[in-house]
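Have a look at the structure below before the remarks.
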Amino acid sequence: MREWWGRLRAVLEQLSPRERWLVGAVGGLFAVLLLLLGVVSPLRAALERGRERAKAAEQQLSVALAVRRELDEVQGRLSHVEQRIREGPRGNLFTTLESLARESAVKVDSMQPQTVPSDSAYRETKVEVKLEGVSLAQLANYLNKIESTPQLLSVKSLRIRTRADKPDLLDVTFTVSSFEPV
């Protein structure tokens with residue numbers, strides 16, 4: 001290495017001052033270019049990648065916070081429903097539906113119990129209710145009473161057909177579920 005420095009120094013000493021200045025300027029430009037390409041450019045690229053990763057992380061955090069708020073809301077609703085199941089009145093689903101039908105001036109055509117697999121902390125009781133020849137107002141009143149009773153009842157399915165003989169009356173089939181702790 002010393003030998004190369006020696007040769008380089010000897011060549012530079014043989015040059016005129018103007019040539020030395022040009023060689024120095026070219027060497028300086030080469031050093032600046034090397035500095036830009038070897039240090040500054042990789043640093044800028046790393047900085048840009050870091051900014052992009054930070055932006056992506058902020059977006060992921062925003063999504064995670066939104067999911068967390070939604071989860072908290074769902075858990076709050078679930079705990080409210082579970083509290084209603086635990087603390088709410090209990091009663092025979094058939095009796096409750098018959099009583100609500102009388103209050104709504106609706107005649108129940110039939111009620112059939114439905115089988116429900118038991119795989120949770122709550123026992124579900126399902127009943128399929130059939131109504132024939134009811135008005136829309138009677139049906140709405142009856143369904144409203146079912147949904148707003150203190151006992152936790154839920155209408156799971158609802159099929160409505162108009163009657164061919166009396167188009168202002170409806171034939172309705174729906175399923176109602178009630179829940180109790182096991």
Lys/Arg-Asp/Glu bridge criterion (N-O < 4.0 Å) met for [X], [Y]:
X	Y	result
Arg7	Glu3	yes
Arg77	Glu73	yes
Arg159	Glu128	yes

Check whether [X] and [Y] end up in the same hydrophobic cluster, where Ile, Leu, Val, Met, Phe, Trp and Tyr are linked by side-chain heavy atoms less than 4.5 Å apart.
X	Y	answer
Trp5	Leu15	yes
Leu35	Leu43	yes
Leu93	Val81	no
Ile160	Leu136	yes

Any donor-acceptor N/O pair, Thr149 side chain to Ile146 backbone, under 3.5 Å: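 Looks like no, no N/O pair under 3.5 Å.
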Donor-acceptor under 3.5 Å (Glu147 side chain, Asn144 main chain): no
Heavy-atom side-chain proximity of [X] to [Y] below 4.5 angstrom:
X	Y	answer
Asp171	Leu131	no
Leu97	Val129	yes
Val108	Tyr142	yes

Nearest 0.5 angstrom please: [X] [atom1] to [Y] [atom2], how far?
X	Y	atom1	atom2	result
Glu98	Glu103	CD	CD	12.0 Å
Leu100	Gln151	CG	CD	8.5 Å
Leu153	Thr125	CG	OG1	10.0 Å
Phe179	Lys126	CZ	NZ	8.0 Å
Leu169	Ser135	CG	OG	7.0 Å
Leu158	Thr173	CG	OG1	9.0 Å

CA sep, side-chain torsions, deciding dist, call: Thr96, Asn92, side-chain contact (heavy atoms from CB on, under 4.5 Å): CA-CA 6 Å; Thr96 303; Asn92 185 311; 5.7 Å; no
Partners meeting side chain to side chain donor-acceptor pair (under 3.5 Å) with Ser99 (sequence neighbours left out): none
Glu70 atom CD, over 12 foreign heavy atoms within 6.0 Å: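 Open: at most 12 neighbouring heavy atoms sit under 6.0 Å from CD of Glu70.
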Polar contact flag, side-chain donor to acceptor under 3.5 angstrom, Ser104-Gln138: no
Distance-only polar pair, side chains of Thr175 and Ser157, donor-acceptor under 3.5 Å: yes
Audit row: Leu143, Val155, side-chain contact (heavy atoms from CB on, under 4.5 Å) steps and yes/no: CA-CA 8 Å; Leu143 292 175; Val155 176; 4.1 Å; yes
Closest non-hydrogen atom pair between Met111 and Val127, with its separation: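 In this case the closest contact between Met111 and Val127 is CB-CG1, 3.8 Å.
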Nearest heavy atoms of Pro167 and Ala164, plus distance in Å: CD-O, 4.4 Å
Side chain to side chain donor-acceptor pair (under 3.5 Å) partner of Glu124, chosen from Ser177, Ser154, Ser178: Ser177
For Asp165, salt bridge (Lys or Arg N to Asp or Glu O under 4.0 Å) partners two or more places apart: Arg163
